[in-house]
Structures are given as structure tokens and as C-alpha cells.
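Comments concern the structure below.
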Amino acid sequence: MYCSKCLRRVPKARDGVDRDAEIVSHSDPDRCCRIRNAVGEPENLPNRSGWLPEKTVRRKLKDIKERFKKKYPAYQYTIYPTNPVDSNQSLWRSDPNNENNASHWEIPWPPYEGQPPLPGGWEDPGTPVFDTPSKRRTPRSRPERDASYRPPGEEPVSDDEELPPQEEARKKSPKRKRKSVAAESEASGSRQRGQAREHVEHDEAEPAVKRPKTDTSGKGKQPVMATPKPKAPLKSRASALAQETQPTRSSKRIRQRRERD
């Protein structure tokens, strides 16, 4: 259920909250809402008709509140919540019937447009004082700077200069020496791999030399150049045709049999 005047939802029953007293305050004739203790009407909201079922106004509440406050700016503290911090909750501290909002209980109703003073001599009492607890931020402590830290690019500390005990122990540690030796060996290995790669690329860039054939007969060791083989003479077209038309043995036998018959 919702109040038809301030449009606040009925609070839930929980520990430390006098739910009945909060509900009765909306019907109190000396407070802000002054609605009937009965089922109200959802037309021309806000009004003082009574309590509205949730299904009739839940989806329209935001638009109704914004339009009403824009048209009647002097009546913004008659709509829940009086403190915008509690817009997503239903708390007594932001209810228009709370004692901290008593300065707005006597505002004329039905509402008047414009800024105060309103008809009847009502003056704007100012913003009510809210009892919202303030949240204090604890200051963060800055970490102390390490004196042994050297930013990149800074000149290294000479051997003659005195080092802090922590830095001197870290410089003489065997683990640091092993890391330096490993780094030097890795650097030398990378240089050797680079030189081998350059040598291979140089060999691939040079053209291959064609070597002459050598005599394997054993008579002499002088190189012998290979001579090209002579090409076979081409047959003339007429001889090729004549050879194709020349009768074979089988054709002669067939002809002789035909002549005998």
C-alpha cells in the first residue's frame, strides 16, 4: 500500500520500528498528509483520498513525483523522500510526517503554483534539518620512501660510497652473482648465434659455381667438357606417308585369297 498524499510505501515490520505509529501518522489531522484511513483513488495524484494498492501506482510513482515537484516547487518536502538519500528505501527519517519536517505541515492544500509566499501568508521556512548520519573518510597514510631505491637512469652508487646495510647485503649476496653470471653467458651465446646466422646468410647470398666434368678413365686428370649428342635426322613427310601406306603380310594374304576365289 502507498499513501496517496506523500506516495510513501507502507514500512515493513522489522525490529526497532514502530510500524503502526508510522501508519497512523499519515492520518493525523495535525501533520502533513492527513489522508483518510481507507482505500484511496489513484486519480489526480497526489491527493488525500487514502491508501492506494501497490499494483495501481507502482509503475507511475517516479513520473508522478517529478511532474508534481516541477509544477509545485514549494511542495517538494510534502513528497517522500524529504531526503533524496532514501529514494530507494522506506524510512521514517525521510517521511514528510516526521517531526524534523514540522515546518511544512501547515502548507496550504490544494497546492499553489510558484514560489512562496503562498496565499494565506505561508512563508518558506527553508530546508529541514535531516538526521542522516555523516560518513567520515579516514585519511590514508602514505608509505615511507625506501632510501635504497634508485630510479632507472640514475647513476649507480660507487664502491667508495657507503651503502645502507640492506643494500650492501643485497649487493654481496651469492644469488645476485649467479644472476649476473647467467646474464653474461646468455649475452655471449646470443652474440655467437648472431654471428653464425650472418655467416649462413652470406653463404646463401653467393651464387653456386658450375664445375666441369672430370675424366674418370684414369688416363689423364684434365677436365673433359661434355659434347652434345647429334640429333637424329628428320624424316620427310612423303617417306613417312609411304611407309604408312605399305601393305602388311596379313593384308597380302587376304588379297591372295580373294584372287583365288
Side-chain angles (χ1 to χ4, degrees), residues 1-140:
M1 303 290 283
Y2 286 83
C3 174
S4 63
K5 176 66 164 50
C6 69
L7 303 177
R8 181 198 172 189
R9 185 181 60 188
V10 174
K12 295 181 180 180
R14 57 184 182 272
D15 296 339
V17 175
D18 191 355
R19 182 171 179 266
D20 295 336
E22 292 184 15
I23 293 174
V24 172
S25 67
H26 288 260
S27 301
D28 191 338
D30 296 330
R31 293 182 183 258
C32 183
C33 290
R34 306 177 188 181
I35 64 173
R36 295 185 309 117
N37 191 17
V39 178
E41 299 293 335
E43 286 80 14
N44 299 323
L45 294 175
N47 56 46
R48 287 177 171 173
S49 60
W51 296 99
L52 303 174
E54 182 177 358
K55 61 181 180 180
T56 60
V57 294
R58 184 173 183 179
R59 297 183 179 179
K60 306 175 184 178
L61 282 179
K62 186 176 181 181
D63 295 337
I64 293 172
K65 291 179 180 180
E66 290 179 355
R67 286 198 304 266
F68 182 79
K69 290 180 180 180
K70 186 176 181 180
K71 188 175 182 179
Y72 307 103
Y75 290 80
Q76 60 176 334
Y77 294 111
T78 64
I79 302 296
Y80 181 87
T82 55
N83 188 353
V85 176
D86 301 326
S87 58
N88 295 327
Q89 305 179 67
S90 181
L91 301 178
W92 172 245
R93 67 186 182 189
S94 292
D95 194 304
N97 301 287
N98 195 320
E99 285 75 10
N100 60 11
N101 195 44
S103 57
H104 288 77
W105 289 355
E106 299 300 330
I107 190 170
W109 190 265
Y112 289 92
E113 297 183 18
Q115 298 290 345
L118 300 179
W122 187 85
E123 298 287 344
D124 186 8
T127 305
V129 179
F130 303 114
D131 56 352
T132 306
S134 60
K135 297 181 180 180
R136 296 183 179 180
R137 296 183 178 180
T138 55
R140 297 181 179 180

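Between the side chain of Lys65 and the backbone N or O of Tyr80 there is at least one donor-acceptor pair closer than 3.5 Å. In this structure, the side chain of Arg36 does not engage the main chain of Arg48 through any donor-acceptor pair within 3.5 Å. Judged by distance alone, the side chain of Asn83 and the main-chain N or O of Ser94 form no donor-acceptor pair under 3.5 Å.
Closest heavy-atom contact between Tyr75 and Pro108: OH-O, 2.6 Å. The two residues Glu123 and Pro116 come nearest to each other via the heavy atoms C-CB, 4.4 Å. In terms of heavy-atom proximity, Asn97 sits nearest to Trp92 at O-CH2, 3.7 Å.
Side chains of Cys6 and His26 form a contact here, defined as non-hydrogen atoms less than 4.5 Å apart. Side-chain contact check for Val10 versus Arg19: some heavy-atom pair is nearer than 4.5 Å. In this structure, Ile64 and Leu7 have side chains that are in contact, with non-hydrogen atoms separated by less than 4.5 Å.
Residues that satisfy the salt bridge (Lys or Arg N to Asp or Glu O under 4.0 Å) test with Glu66, not counting sequence neighbours, are absent from this structure. For Asn47, the side-chain hydrogen bond (donor to acceptor under 3.5 Å, both in side chains) partners are Ser4, Ser49, not counting sequence neighbours.
Here salt bridge (Lys or Arg N to Asp or Glu O under 4.0 Å) pairs that include residues 98-119, with residues two or more places apart or in two chains, are Arg31-Glu99, Arg34-Glu106, Lys71-Glu113.
Taking the six-membered ring for Trp and thresholds of 30 and 60 degrees, Phe68 and Tyr72 have ring planes inclined between 30 and 60 degrees apart.
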